[in-house]
Every structure is written in structure tokens, then in C-alpha cells.
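Reading through the C-alpha cells given below for one structure.
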Amino acid sequence: MARTQLPLRLRLTLAFALCMAVVLAALGVFLRVRLGDELLRGIDLDLRARAAAITTTLSRTGAAGISDRDPVLDPDEAFAQVLRPDGTIVRTTSAVRGHPLLPPDSLAGVGTGQVRTTRVPGIEDPARLLAATVPTAAGPLVVVVGTNLGDRNEALRRLQWLLVVGGLTALLLSSAAGWVVAGAALRPVERIRQDAAQLSAADPAGRLTVPATGDELARLAETLNDLLRRQQEAMEHERRFVDEASHELRTPLAVVKAELDLALSRPRSRAELLDTVQRAAAGTDELAKLAEDLLVLARNRPGAAELVVAEVRLRTLLEDAAGPGVGVQAPEVTVRVDPIRLRQAVRNLVDNAVRYSAGPVQLSATVSAGQLYVEVTDTGPGLPPSLGDRAFEPFVRGPDAVGPGSGLGLAIVRAVAEAHGGRVEAVNAPGGGTAVSLVVPTASP
């Protein structure tokens, strides 16, 4: 069972919303971390300033110069202690009077200033502490200053809330904008789809609307229109081919039927019946030849059938195709081609040249750079200017056509050349006559 897909517009909007959510989340995390670091840096600077003030006083006057109610020791929303290395409290603010801010085992390693975040008894929120050792006349003392991180955490919580609300709002607005933009971008695609749905075989000249955007969609519509044009040309070519084939088949069929009807119209003598049967047989042969030529054209289209390539002697193949009375000039080399089809193409060229030539016909061939060049020249009147390249189209005959024929000979030559991946060309010689060149790829061993 086919899997149901979400509409492309919705998928584009969801992908855009997901990318925006990732970007907004990363931006929110970055802002929160950066603000938290900046607030913590400001707190540390304030702690260092307070610790420096207390250290200066202790260095000058000792512990006696500071009281528990000294504003330097007991400012608003902060606390401090002066401890001995064994943990004895020398001076302290009222908020942390009961316990030393740092345990005794951690005081011995305190240097000029160590900062840490920890829990302090009597303080509801986490606290930021800075400890520094101060040498005095009475012995070393440890100054510990700290502050409550509640305001910082509250500020971060408010920022986080604003980021969530603002981020969701921005995500919704950007998703709506993405929905609108995706719809505008896909509107030309929908127009192209509607045009394509209205096309039919009854209107092969229909084309898609090319959006005036000059972008990939416009180039896509132009490419599809070019494809439709080629399909229309192919359909018209096939239609003309069928019409012309039907017309060509109708004439010999009518002749055969007329001969048979005439033979049945009244009693005939043996000689009359023999003559009628001979004329009907000739018409049947013409029908068979025409059917064979049509089959060759169908099979020799590019991609219609595989070539049966084999190694053949070039001169032997050309002499067999040329027949008596035609001069052949070809090297004694071996080439790789489809011998049956190439022989038929060369025979058609020679037959056509003999039919229109008043003098000798020359067949020559050369092999160069992996290409086989076969040329048939005659001394006839040459191709009429009105024909041009149409001479190689099916059922096309010149105004001065000689003898019976269906106009398929040169068309078969071109079909064989194209099936080999080659080409065929015809030019009128300056002194009269026509030179037809058949060029096909080959490989000399």
C-alpha cells in the first residue's frame, strides 16, 4: 500500500520551523550562559573589592580595627568572616554568626584569593564565597567574603521565561511566514501542474505556462515545453508516416483486388487467368517489398533494436551490395558493423544512383579514425533543390522520379546509419550528379 505523504508546503514549513526552533534554542542557551557568566563576573569583582578593603584594614590594624558591625564587614545582602587557620571565628556578620563559612580543613590551602559557589548555613540561596589569607602581627588570618546568588538566579529565571515566551512567539510568527513563503514559492508549481493536467492528445499544441520568475521553475517549464514540442513533432511524424504508408499500401492492394475481381467477373481462358495471376503476383510482390521496407524502418530506429555486429571484409561486402556494372574502390580491411543492414543500405544507395544516372555509378569506401566512409556517386541530374534534407524522409520522391517506388530507399539508408550511430549526407557535384556519403563508426582490428 502506498505510503501517504504530507503536502510539500506543510513539509517545508515544518522543516523551517524545526530549523528556527533549533536556532532559537541555541540562541537562548547562549544568552542565558553569557548573562550568567557576566553577572557572576560582576559578583566576583565586588567580592574582590570587599576582600581587598578588609585585607588592607587587617594588615594595618589587625583584627582589633574591625568590628562585627563595620559596614565593610557587614554590608547589605552580603556577609563576611575573619577566621583563624584553625576555623575560629574572629569577626563575623550577623547572618552567618553560628558557623564558619569554610571548614577548618580547607583554610590551610587558601592563597591570595579563591572563589567558589557553595551552600552556607543560614543562607537560603547558594552563596558565592571568596577567601584570602592575610598575614598580620598576631599571625595569619583568613578573610572570607560572600554574597547571596538569589538575585542573580532570579534574573536568570526571568530571562529564561522571557526567552521561552519570546522564542515561542518568534517561532509561531516565523512558521506562519514560512507557510506563506512556501505557498508563494509553490504557486507556480501548482499552475504548471494544472496546465499539465489539461493537456491531452487531442490538443498536442498545448503548452505549460512559464512563470515570469526567471528561476529554476521557469527553466523547468521551458524544458517541459521543449519536451512537449518534441513529442508533438514525433506524433505528427508518426501520423504522417501512417497516413503515407496507408496510401502507399492502398494502391497495390487495389490493383490486386481489381485483377482478382476481373478474373472472377466472367469465365476466362487459361492464358487470361495466367496473365491475371501474374499481374496479381507482381502487386503482391510490391506489397511484400513495401511491408519489408516499413519493417526495416521500424526496426532500425535508434534504440529500437540491437545491432548484430560482426567482423566482415569491407570490399567483399561492398561488391556483394553493388552488383554488376558498378565500380567498387575499397581497401582490403576488416570492419565491425552489422553486415545485413549495412549491405541493405549500400544496395539502396546503388539502386537509387543507377535509376537516376545516365552514366557509370561509382562506389568507394575508406576507413579512418574509427569511422567507415562509404560514398556513392552518379552522373544523373542531381537532387532537386526543393528536396534538400527531405530526400531521406519516408515516402518522399522527387518531381522527376523514375520508375515505380515507395520513396523508402533513402529513408532506410538514414535509419541504418542512425542505428549505427552515424549519419548520411547528399550533395550535388559541381559537374553534375549526386554524391551520397554514409558514415558509421567501426573498429578495424
Side-chain angles (χ1 to χ4, degrees), residues 26-164 166:
L27 179 62
V29 172
F30 172 78
L31 291 177
R32 188 186 184 284
V33 172
R34 188 62 183 269
L35 180 61
D37 291 342
E38 291 296 329
L39 291 176
L40 205 59
R41 187 176 294 108
I43 292 172
D44 291 345
L45 290 175
D46 181 65
L47 291 177
R48 293 184 187 281
R50 288 176 54 213
I54 297 175
T55 299
T56 301
T57 302
L58 288 176
S59 299
R60 187 173 61 251
T61 63
I66 299 178
S67 67
D68 290 347
R69 295 187 178 183
D70 193 316
V72 177
L73 189 67
D74 192 11
D76 295 336
E77 299 182 0
F79 42 86
Q81 284 182 349
V82 178
L83 306 174
R84 291 190 177 92
D86 60 359
T88 304
I89 299 175
V90 178
R91 295 287 185 272
T92 182
T93 57
S94 58
V96 290
R97 186 177 300 276
H99 304 277
L101 292 174
L102 294 175
D105 56 355
S106 64
L107 296 177
V110 174
T112 57
Q114 295 183 356
V115 183
R116 69 185 68 183
T117 301
T118 184
R119 285 284 183 176
V120 174
I123 304 300
E124 181 178 356
D125 296 307
R128 186 74 166 172
L129 302 180
L130 184 144
T133 301
V134 182
T136 64
L141 297 176
V142 178
V143 176
V144 182
V145 294
T147 187
N148 192 340
L149 295 180
D151 291 343
R152 170 186 176 271
N153 294 339
E154 180 63 25
L156 292 178
R157 281 193 293 270
R158 287 199 298 269
L159 174 65
Q160 184 173 338
W161 172 251
L162 291 175
L163 289 174
V164 170

_Thr147 and Leu47, any side-chain heavy atoms less than 4.5 Å apart_ = yes
*asked:* Using every non-hydrogen atom in the two residues, find where Ala127 and Val120 come nearest and quote the distance to one decimal.
replied: CB-CG2, 3.8 Å
*Does the side chain of Glu154 reach to within under 4.5 Å of the side chain of Asp151, using non-hydrogen atoms?*
no
*For Pro85 and Pro140, work out which heavy atoms get closest and say how close.*
CD-O, 3.3 Å
*Within the distance-only criterion (no hydrogens, no angle test), does the side chain of Arg50 pair as donor or acceptor with the backbone N or O of Phe79 below 3.5 angstrom?*
yes
*I would like to know whether Val82 and Thr92 meet side-chain contact (heavy atoms from CB on, under 4.5 Å); could you show each step before the answer?*
CA-CA 6 Å; Val82 178; Thr92 182; over 6 Å; no
*Quick one: do the Thr117 and Arg128 side chains pair a donor with an acceptor below 3.5 Å?*
yes
*Write down the atom of Asp125, the atom of Gly150, and the distance for their closest heavy-atom approach.*
OD2-CA, 3.4 Å
*Hey, could you give me the CG/OG1 distance between Leu83 and Thr88, rounded to the nearest 0.5 Å?*
8.5 Å
*Under a 4.5 Å cut-off applied to non-hydrogen side-chain atoms, are Val142 and Arg84 in contact?*
no
*Side chains of Leu163 and Leu31: does their closest heavy-atom pair fall under 4.5 Å?*
yes
*asked:* Quick check: do Pro126 and Asn153 have side-chain heavy atoms less than 4.5 Å from each other?
replied: yes
_If I compare all heavy atoms of Val144 with all of Ala131, which pair ends up nearest, and what's the gap?_
CG2-CB, 4.0 Å
*Could you tell me whether the side chain of Thr133 reaches within less than 4.5 Å of the side chain of Leu141, counting heavy atoms only?*
no
*How long is the gap from CG on Asp46 to CG on Leu130, to the nearest 0.5 Å?*
10.5 Å
*CG of Leu101 to OG1 of Thr93: how many Å apart, nearest 0.5 Å?*
7.0 Å
*asked:* Please check: side-chain N/O of Arg157 versus main-chain N/O of Arg152, any donor-acceptor pairing under 3.5 Å?
replied: no
*Give the minimum heavy-atom separation between Pro121 and Val96, together with the two atoms involved.*
O-CG1, 4.4 Å
*Is any side-chain heavy atom of Arg48 closer than 4.5 Å to a side-chain heavy atom of Val115?*
yes
*Counting only N and O atoms by type, is there a donor-acceptor contact under 3.5 Å from the side chain of Gln81 to the main-chain atoms of Arg91?*
no
*Report yes if the side chains of Leu39 and Leu35 come closer than 4.5 Å at any heavy-atom pair, otherwise no.*
yes
